[in-house]
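Single-structure report; data block below.
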Amino acid sequence: MSEYFFDYLKTLIPEERIRRNELMSKHTTFRVGGPADFFITPESTEELSALVRYLNLVDREYMIVGNGSNLLVGDHGYRGVIIRLGESFRKVEVDGNQITAGGGAMLASVAEAACASSLTGMEFAAGIPGTVGGAMVMNAGAYGSEMKDVVVSVDLMTPDGEIVRRSCEEMKFAYRRSILHRDDSSVISTVFTLKEGQQDTIRGRMNELMEMRRAKQPLNFPSAGSTFKRPEGFFAGKLIMDAGLGGYMIGGARVSEKHCGFVVNAGNATAADILDLIHEVQEKVQERFDVRLEPEVRIVGEF
Ligand SMILES: Cc1cc2nc3c(=O)[nH]c(=O)nc-3n(C[C@H](O)[C@H](O)[C@H](O)COP(=O)(O)OP(=O)(O)OC[C@H]3O[C@@H](n4cnc5c(N)ncnc54)[C@H](O)[C@@H]3O)c2cc1C
């Protein structure tokens, strides 16, 4: 099956953009994760469309990833196809107050383009190390703003290989959620709307927020940012700290003492160490405060 499958894939995507047994540790900010059976980089909507249609037809598991900054992939990897949008999906174009960015563009590039054109509203996203696609799935946000505030519309590729446009409202953005949590479509591009501003002020705000991140977050260790969602009425980091878990380790995974909401790879952690630590933190916080922490990080693959 696998050889036939590979041969067919090569009719859809040039062979040099199909990798086999690609270590996901190279594609996640936790720097863990075993091999994906196939790791494919489409460079056009036509290639992406043909690929997802075929994968659905043969019922082969697949997943699209961005910068892997919200992903925990198991040590035994992923039995299926990982799709990562190629260079041609990373374009960022400014037109008046609007920016159109490809699903694979980094949020930092969108924020930079906004700043270069003296457009304000995107400063909050400059330090989020993810792509536009990942940000649409997660309704990424920081410092009181979120994607919902700046998105006009999102172009998606459905599992049938069709392109559909969804308005901001239709995306049903909510706290770290969107319609894409129950829809397997891929984000191919997003239109943002921003306001005219002063470039110095925009740059200043971006620098200020980056400084706040550096001061509060353990950016010198691999992580996936906040490991848990904010439970209603509480802060995950505070609950974890108050449960006495700051610095708690399993294998190479550690609850950051700088920011207890972050589980970090303190060196040579396995995905299993990180997952065990996530479970341990959930148990201990539940025991102590009767609050169930839900992971914000998406957990996939074989552990
Ligand atoms: C140091 C650090 C700080 C962070 N700070 C923040 C923060 O302030 N605020 C915040 O919200 N998050 C933060 N994060 C988490 C993370 O950066 C965001 O959730 C980000 O939006 C994930 O984007 P990504 O491209 O890395 O997605 P990935 O981690 O690659 O994927 C996340 C999910 O999106 C899906 N996905 C990715 N691309 C596409 C696409 N094109 N089409 C369809 N589905 C897709 C994946 O299948 C997966 O389900 C932080 C992470 C780190 C490491």
Side-chain angles (χ1 to χ4, degrees), residues 24 26-33 36 39 41-42 45 48 52 61-73 78 80-86 89-90 101-111 123-149 154-159 163 166 171 173-190 209-210 212-214 216-230 237 256 258-259 261-265 295-301:
M24 289 306 292
K26 297 201 274 182
H27 302 283
T28 61
T29 54
F30 260 134
R31 298 279 170 254
V32 300
F39 185 97
T41 311
T45 48
L48 179 63
V52 295
E61 189 140 343
Y62 69 94
M63 176 179 179
I64 182 154
V65 303
N67 195 42
S69 65
N70 204 38
L71 276 189
L72 177 61
V73 182
Y78 181 77
V81 177
I82 297 281
I83 302 175
R84 179 146 195 230
L85 299 178
F89 290 93
R90 290 181 205 155
M106 291 293 286
L107 291 177
S109 330
V110 183
E123 295 89 325
F124 76 96
I128 302 176
T131 62
V132 166
M136 294 307 105
V137 177
M138 303 304 298
N139 184 25
Y143 304 109
S145 301
E146 53 188 1
M147 288 298 139
K148 184 174 178 242
D149 305 329
V154 183
D155 281 2
L156 300 173
M157 178 153 300
T158 68
I163 298 175
R166 295 270 172 261
M171 288 297 290
F173 289 121
Y175 174 65
R176 299 299 172 264
R177 278 192 78 79
S178 74
I179 198 168
L180 295 170
H181 280 244
R182 51 188 167 78
D183 175 332
D184 284 335
S185 297
S186 313
V187 175
I188 51 180
S189 67
T190 296
L209 295 183
M210 208 55 227
M212 280 161 75
R213 278 182 191 272
R214 273 194 282 268
K216 297 231 165 79
Q217 300 181 358
L219 300 184
N220 48 335
F221 288 102
S223 79
S226 298
T227 312
F228 301 97
K229 292 189 184 176
R230 194 175 57 230
S256 165
K258 190 167 179 182
H259 186 321
F262 280 51
V263 167
V264 300
N265 178 350
E296 177 174 317
V297 172
R298 311 211 80 186
I299 300 164
V300 298

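Note that this is a predicted model, so its numbers are computed, not measured. Note: hydrogens, waters and symmetry copies are ignored here, and every other heavy atom, side chains too, is used. Start at 1 and go down the list; that is how both ligands and their atoms are numbered.
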- Query: Given Arg298, Gln217, Arg213, which one has a non-hydrogen atom that is nearest to atom 5 (N) of ligand 1?
  - Reply: Arg213
- Item | Shortest reach to atom 47 (O) of ligand 1 by a heavy atom, considering only Ile64, Asn67, Thr28 | Ile64
- Evaluating non-hydrogen atoms only, which member of Gly134, Ala125, Ser223 is closest to atom 38 (N) of ligand 1? Gly134
- Message: I'd like to check which ligand 1 atoms, numbered from 1 as shown, lie under 4.0 Å from a non-hydrogen atom of Ser185.
- Response: 43 (C)
- Query: Where is the nearest protein heavy atom to atom 28 (P) of ligand 1: which residue, which atom, and how far?
  - Reply: Gly68 N, 3.7 Å
- Considering Ala142, Gly141, Ala140, which one's heavy-atom position lies nearest to atom 9 (N) of ligand 1? Gly141
- Item | Interfacing atoms of ligand 1 (cut-off 4.0 Å, heavy-atom, Met138) | 19 (O)
- Which atoms of ligand 1 sit under 4.0 Å from any heavy atom of Ala135? 21 (O)
- Under 4.0 Å to a heavy atom of Thr29 - the qualifying atoms of ligand 1, by number: 53 (C)
- Item | Closest to atom 13 (C) of ligand 1 among Ile128, Thr131, Ile83, Asp183 (heavy-atom distance) | Ile128
- Query: Looking at residues at least two apart in the chain, or sitting in another chain, which of them share a salt bridge (Lys or Arg N to Asp or Glu O under 4.0 Å) with Arg213?
  - Reply: none
- Query: Which atom pair, heavy atoms only, marks the closest approach of Arg31 to Pro222?
  - Reply: CG-CB, 3.9 Å
- Message: Please determine whether any non-hydrogen atom of Arg176 lies less than 4.0 Å from an atom of ligand 1.
- Response: yes
- Query: Nearest to atom 20 (C) of ligand 1 by heavy atom, Ala224, Gly225, Ser69: which?
  - Reply: Ser69
- Answer yes or no: are there more than 12 heavy-atom neighbours, outside Lys148 itself, under 6.0 Å from its atom NZ? no
- Tell me whether the guanidinium CZ or amine NZ of Arg84 lies under 6.0 angstrom from the six-membered ring centre of Phe39 and within 45° of its axis. no
- Query: Just by modelled atom types, is the Phe228 backbone N or O under 3.5 Å from a matching donor or acceptor in the Ser226 side chain?
  - Reply: no
- Message: Under a 4.0 angstrom heavy-atom cut-off, which atoms of ligand 1 come close to Val65?
- Response: 30 (O), 37 (C), 38 (N)
- Query: Going by the order shown, which atoms of ligand 1 are within less than 4.0 Å of some heavy atom of Val187?
  - Reply: 40 (C), 41 (N), 42 (N), 43 (C)
- Message: Tell me the protein heavy atom at minimum distance from atom 4 (C) of ligand 1, and give that distance in Å.
- Response: Pro129 CD, 3.6 Å
- All side chain to side chain donor-acceptor pair (under 3.5 Å) counterparts of Ser185, not counting sequence neighbours: Asp183
- Query: Heavy-atom contact under 4.0 Å between Ser226 and ligand 1?
  - Reply: no
- Query: Which of the numbered atoms in ligand 1 are below 4.0 angstrom from a heavy atom of Ser186?
  - Reply: 42 (N), 43 (C)
- Atoms in ligand 1 with a heavy atom of Leu85 nearer than 4.0 Å: 41 (N)
- Note on the structure: For Leu72 and Phe30, the nearest pair of non-hydrogen atoms, with its separation, is CD1-CD1, 4.0 Å
